[in-house]
Protein chains: 2
Amino acid sequence: MNQAKPVTRIQRRNRETIREAALDVFSQHGFRGATLDQIAQAAGLSKPNLLYYFPSKEAIHGELLSHLMTDWLEPLRALDEAGDPVEEILAYALRKLDMAQELPRESRLFANEIVQGAPRIMDMITGELKELVDEKAKVIRAWSDAGRLASVDPHHLIFSIWATTQHYADFDIQVRGILQTGNTDHFDDARRFLTHLYRSALTPTR
Amino acid sequence: MNQAKPVTRIQRRNRETIREAALDVFSQHGFRGATLDQIAQAAGLSKPNLLYYFPSKEAIHGELLSHLMTDWLEPLRALDEAGDPVEEILAYALRKLDMAQELPRESRLFANEIVQGAPRIMDMITGELKELVDEKAKVIRAWSDAGRLASVDPHHLIFSIWATTQHYADFDIQVRGILQTGNTDHFDDARRFLTHLYRSALTPTR
DNA sequence: GTAGTCGTTGATCATCTGGTCAAATCCATG
DNA sequence: CATGGATTTGACCAGATGATCAACGACTAC
């Protein structure tokens, strides 16, 4: 059933080239908006050659999404119950902001998928992701109950961190259009702002 | 040049039916992912009939986007220099959250457009929108300078409000998947959370 | 170097999609 | 109810798109 695949040098190189090109194209146009011709051209391969390495358009897209998930959940996984509550959450938010800056294509790929109803990753959301979020929400709630963190809804705190950080990747065009800066200086300002925002809201008052 | 169009009852009714159906379809699939057949079926009309009322797919999409803009900018326009700073900004955020709840399709239509590089509304972003944002940013900065508001980067404050509120429309599937509630109760929790978040961060400390 | 497998592609296919058109049907008005 | 414009649609078109395949080219193990 499971054939032993050759996995030659060429295989590895071309499959990686295709993944890279597909990430560019899918993240910019979404699944239906992307075409195999675009991906083939971006990868410098012919269209039939693409389909020699991946059985279908869906297969390429699916591989990108599943590869993405691991990296995507890692920062939240790193939230440490043993650390200082405010600093842990702050570090999480800033780590997510770093990812928005360094991996904007991955963020947009994900955003495209969710905005259009997550037809291909609903299982992962209600399964692995929900499980992780619920677990960390429990940790956050415990911190609040212990008076080490302001009392906030843990789920909505996490949503707001996702929203404020991924916004800089997903809505990058809008952000740049309004700030009219060609470089990425504004990420420093974003870091300062989010630090203030969450430190203010999370530091226990008592 | 500008023909006097009949604008009969039927015209008004069918054009409205088409707009409604197109908003459903475009907001869910994006411009390229949406098809005229889908829109026609959703509107209960034949495809040629659609094109009797609108000259092209782009024309329908364009009309939706331009109609959207007015409503979309209104809450920010309403930010009143003469009001109480913290309450004004809070009211703006909550107004945006209401819109995410009541007009999620419009939010997703906009999100789809921006995520994919805003090919059709870049002018509006760097023009009308930027102008309005810069104007209101000046007001916010003045409030901060007068000690009536915590000192924050006005642009990033506005971005964060957009992000946190529109997230509930654009990523609705994800939010529901994680909270696993079929109803919209979670908007009340979101309102409480955002109120705390922005009140904490914006109330001057002195 | 050569056999045999791996890698590549031009040509082609079936389907989908935006858009057109002529003919048919509906409808308000006299 | 007759007329002329408004509305509707079945049939069709051209181009795009995902996918296939036979044939050709390239690489590796012997």
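Below, each value reflects all heavy atoms present in this structure, side chains not excepted, and no hydrogens, waters or symmetry copies. Residue numbering restarts at 1 for every chain, and letters A, B, ... go by the order of the sequence lines. Everything numeric here is computed off the predicted structure, so don't read it as measured data.
Whole-Å rounding puts the B:Gln38 CD to C:dC16 C1' distance at 12 Å. Atoms CG (A:Leu45) and P (C:dT9) sit 7 Å apart, rounded to a whole Å. Between A:Asp37 atom CG and D:dA16 atom P there is a gap of 10 Å when expressed in whole angstrom units. Atom CD1 in B:Ile60 sits roughly 9 Å away from atom P in C:dG19 (whole-Å rounding). Protein atom CZ of B:Phe26 is 13 Å distant from nucleotide atom P of C:dT17, rounded to whole Å. Look at NZ on A:Lys57: it is 14 Å from P on C:dC16, rounded to the nearest Å. Between the P atom of D:dC12 and the CG atom of B:Leu51 lies a distance of 19 Å, rounded to the nearest Å. Atom-to-atom, CD of B:Gln41 to C1' of C:dT17 comes out at 15 Å; the value is rounded to the nearest Å.
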Test ring-ring contact (aromatic ring centres under 6.0 Å, His included) on B:Phe159 and B:His156 and set out the steps.
CA-CA 5 Å; B:Phe159 292 155; B:His156 289 274; 5.6 Å; yes
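Checking A:Asp24 against A:Gln38 by side-chain atom types alone, no donor-acceptor pair falls below 3.5 Å. There is a side-chain donor-acceptor pair under 3.5 Å between A:Tyr198 and A:Ser160.
As judged by a 4.0 angstrom heavy-atom cut-off over every strand, B:Leu36 is placed among residues touching the sugar-phosphate backbone only. No engagement by A:Ala40 is indicated, since no non-hydrogen atom pair under 4.0 Å with the nucleic acid exists. Looking at heavy-atom distances under 4.0 Å, A:Arg13 makes no contact with the nucleic acid at all. Heavy atoms of A:Phe54 sit nowhere under 4.0 angstrom from any nucleic acid atom.
Donor-acceptor pairing under 3.5 Å, judged by distance alone, is present between the side chain of B:Lys47 and the base of C:dG18.
The side chain of B:Arg9 places no N or O atom within less than 4.0 Å of a non-bridging phosphate oxygen (OP1 or OP2) of D:dA6. For B:Gln11, no side-chain nitrogen or oxygen approaches OP1 or OP2 of D:dA6 to under 4.0 Å. Taking only side-chain nitrogens and oxygens, A:Thr8 never comes nearer than 4.0 Å to OP1 or OP2 of D:dT28. Put simply, A:Asn14 has a side-chain N or O that comes within less than 4.0 Å of OP1 or OP2 on C:dT8.
Closest to the A:Pro48 side chain, of the nucleotides D:dG10, D:dT8, C:dT9, is C:dT9. Listed candidates were D:dT20, C:dG19, D:dT8. Nearest to the side chain of B:Tyr53 is D:dT8.
No more than 12 heavy-atom neighbours from other residues, nucleotides or ligands sit within 6.0 angstrom of CD on A:Glu81. For B:Arg141, the CZ atom counts as loosely surrounded, since its 6.0 Å shell holds 12 or fewer non-hydrogen atoms of other residues, nucleotides or ligands.
The 5' end of DNA chain C is approached more closely, in terms of each residue's nearest nucleotide, by A:Tyr52 than by the other of A:Tyr52 and A:Arg32.
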